[in-house]
Novice: 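First, the structure itself, so that you have it in front of you.
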Number of protein chains: 2
Amino acid sequence: MEQLFAYFRKFNSLSKESEEAIAEISSSITIKKNKDLQSIGHTCKTIYFIKKGVARIYYLHKGIDITENFFFENNIIARVESLLTGKPSRKAIQILEDAEIISINANALFELYDRFHEIERLFRKIFEAAYVDTVNRIEGIQFHTAEERYKALLHEAPDVLKRVPLKYVASYLGITQVSLSRIRGHR
Amino acid sequence: MEQLFAYFRKFNSLSKESEEAIAEISSSITIKKNKDLQSIGHTCKTIYFIKKGVARIYYLHKGIDITENFFFENNIIARVESLLTGKPSRKAIQILEDAEIISINANALFELYDRFHEIERLFRKIFEAAYVDTVNRIEGIQFHTAEERYKALLHEAPDVLKRVPLKYVASYLGITQVSLSRIRGHR
DNA sequence: CTATTCCTTTATCATAAGATAAATAATTAA
DNA sequence: TTAATTATTTATCTTATGATAAAGGAATAG
């Protein structure tokens, strides 16, 4: 759990009591490459923290597999739309490298918000940061060519290109696999 | 202020004490069409609520004016990246129709988080909703043609097209004004 | 009311990326 | 190891959108 608390500390430090309360509603899992941690149509009631490994959130658009985002170790991952609405998610979480994961019961966590103001504060800050990241990503998508987006990824997150199959990267960049391959050819 | 509290109630109801505390750190302003409520380079320390009128957030990308988003009455508007980082914003808020606005002192609001847990909860929920909206917008941008995006806007937010100059809508949709005009011509 | 400025449309040409097909290359299973 | 499957690249053709220029409309200031 220490690894998770270290991640939390980047946003908001917690008291020992809060950390223990979170530990009580959490459990560890290991899961193999290419398995779906959660599948499409399942209502999300869990927040995950990746201790080790890589995952992605994906969905189907007109029958085509689209990667919404990649998640590496020391990050949390959840299908937030489903978590917040209580509706089945159109999205799935797939493991791309054998992973060690902490799963946190989301409803139990939300109940902790009442007892521990600082836990709610922590997640407020996490969401604020996620919101800003996402707004910035819109700018990246809308005003850069696919080639610029590829080069930015190569520069800012070279791990993605080293550890993830290119076919998943293509849809994350908003282009076809064939286009990505063509862009990589321009050297 | 009642109009603002009614908006808040959609996310989280507040006690009279909380409402009064927010009222104390708020003030009303009126501002004319085409004026910048906040300009580029200014550090954002205010959250606004639009009682009446229309506004947009815009920034310059390679010298070209880009609309990040439109905001109509009964919504809050803020340059969140600047608010959270304390750094000058690359973005500006411009009024597109004569407006009546409530301005909330952001630092004073953040201090209220300590005294009124429910106010922090309210803003947690507002950010969660904004995050989900933004993630969905990425899908719209990435996997629909400009024409589909235009038609979706026409269907979901016809007010934008009625009340806002098309040149601002074009960059919001991620296309040039000329392309938007061509798309509108396809009937 | 008129002149000026700004907004929107139309037209032409150039180009990045999509669709499809097929050839390699890499990975996985038997 | 070999066969089968899956991933990536290359090639060809098509199309949506960008860039630029210019004309027509609408709004605003004086």
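Within every chain, numbering begins at 1; the chains are lettered A, B, ... in the order of the sequence lines, protein sequences first and strands thereafter. As the structure is a computational prediction, the values presented were derived from the model and not from experiment.
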Novice: Which residues, if any, of residues 138-148 of chain A bring a heavy atom under 4.0 Å of DNA chain C?
Specialist: A/Thr145, A/Ala146
Novice: Using a cut-off of less than 4.0 Å, is there contact between a side-chain N or O of B/Arg184 and OP1 or OP2 of C/dT8?
Specialist: no
Novice: List, by chain and then residue number, the residues other than A/Tyr58 in its hydrophobic cluster (Ile/Leu/Val/Met/Phe/Trp/Tyr, side-chain heavy atoms under 4.5 Å); write none if there are no others.
Specialist: A/Ile40, A/Leu60
Novice: Quick one: list whatever passes salt bridge (Lys or Arg N to Asp or Glu O under 4.0 Å) with B/Lys162, sequence neighbours left out.
Specialist: none
Novice: Name all residues meeting the side-chain hydrogen bond (donor to acceptor under 3.5 Å, both in side chains) criterion together with A/Thr46; count only those two or more places apart in sequence or in a different chain, and write none if there are none.
Specialist: none
Novice: What about A/Phe116 and A/Leu122, same hydrophobic cluster or not, with Ile/Leu/Val/Met/Phe/Trp/Tyr joined at side-chain heavy-atom distances under 4.5 Å?
Specialist: yes
Novice: Classify the ring geometry of A/His61 against B/Phe143: parallel below 30°, tilted from 30° to 60°, perpendicular beyond 60°.
Specialist: tilted
Novice: Quantified as the angle between the terminal helix axes (five pairs each), what is the overall bend of the helix from C/dC1-D/dG30 to C/dA30-D/dT1 to 10 degrees?
Specialist: 50°
Novice: So, using side-chain hydrogen bond (donor to acceptor under 3.5 Å, both in side chains) as the criterion, who are the partners of B/Asn12 when residues are at least two apart?
Specialist: B/Lys125
Novice: Atom pairs under 3.5 Å, N or O on each side, protein against nucleotides 18-22 of chain C: can you list them with distances?
Specialist:
residue: C/dG18; atom: OP2; partner: A/Thr176; partner atom: N; Å: 3.4
residue: C/dG18; atom: OP2; partner: A/Thr176; partner atom: OG1; Å: 3.3
residue: C/dG18; atom: OP2; partner: A/Ser179; partner atom: OG; Å: 2.4
residue: C/dG18; atom: N7; partner: A/Arg182; partner atom: NH2; Å: 3.0
residue: C/dG18; atom: O6; partner: A/Arg182; partner atom: NH1; Å: 3.2

Novice: To the nearest angstrom, how far is A/Leu96 atom CG from D/dA7 atom C1'?
Specialist: 14 Å
Novice: Name each donor-acceptor pair under 3.5 Å that joins a side chain in residues 20-33 of chain A to protein atoms two or more places apart or in another chain, with its distance.
Specialist:
residue: A/Ser26; atom: OG; partner: A/Ile22; partner atom: O; Å: 2.7
residue: A/Ser27; atom: OG; partner: A/Ser103; partner atom: OG; Å: 3.3

Novice: Going by number, which of residues 58-73 of chain A have a non-hydrogen atom under 4.0 Å from DNA chain D?
Specialist: none
Novice: Find every protein N or O atom lying less than 3.5 Å from an N or O atom of nucleotides 26-30 of chain C, and list the pairs.
Specialist:
none

Novice: Taking ring pair (Phe, Tyr, Trp, His ring centres under 6.0 Å) as the cut-off, I'd like each qualifying pair that reaches into residues 19-56 of chain A, sequence neighbours left out, listed once.
Specialist: A/Tyr7-A/Phe49
Novice: Counting only non-hydrogen atoms, which of residues 162-172 of chain A are less than 4.0 Å from DNA chain D?
Specialist: A/Pro165, A/Leu166, A/Lys167
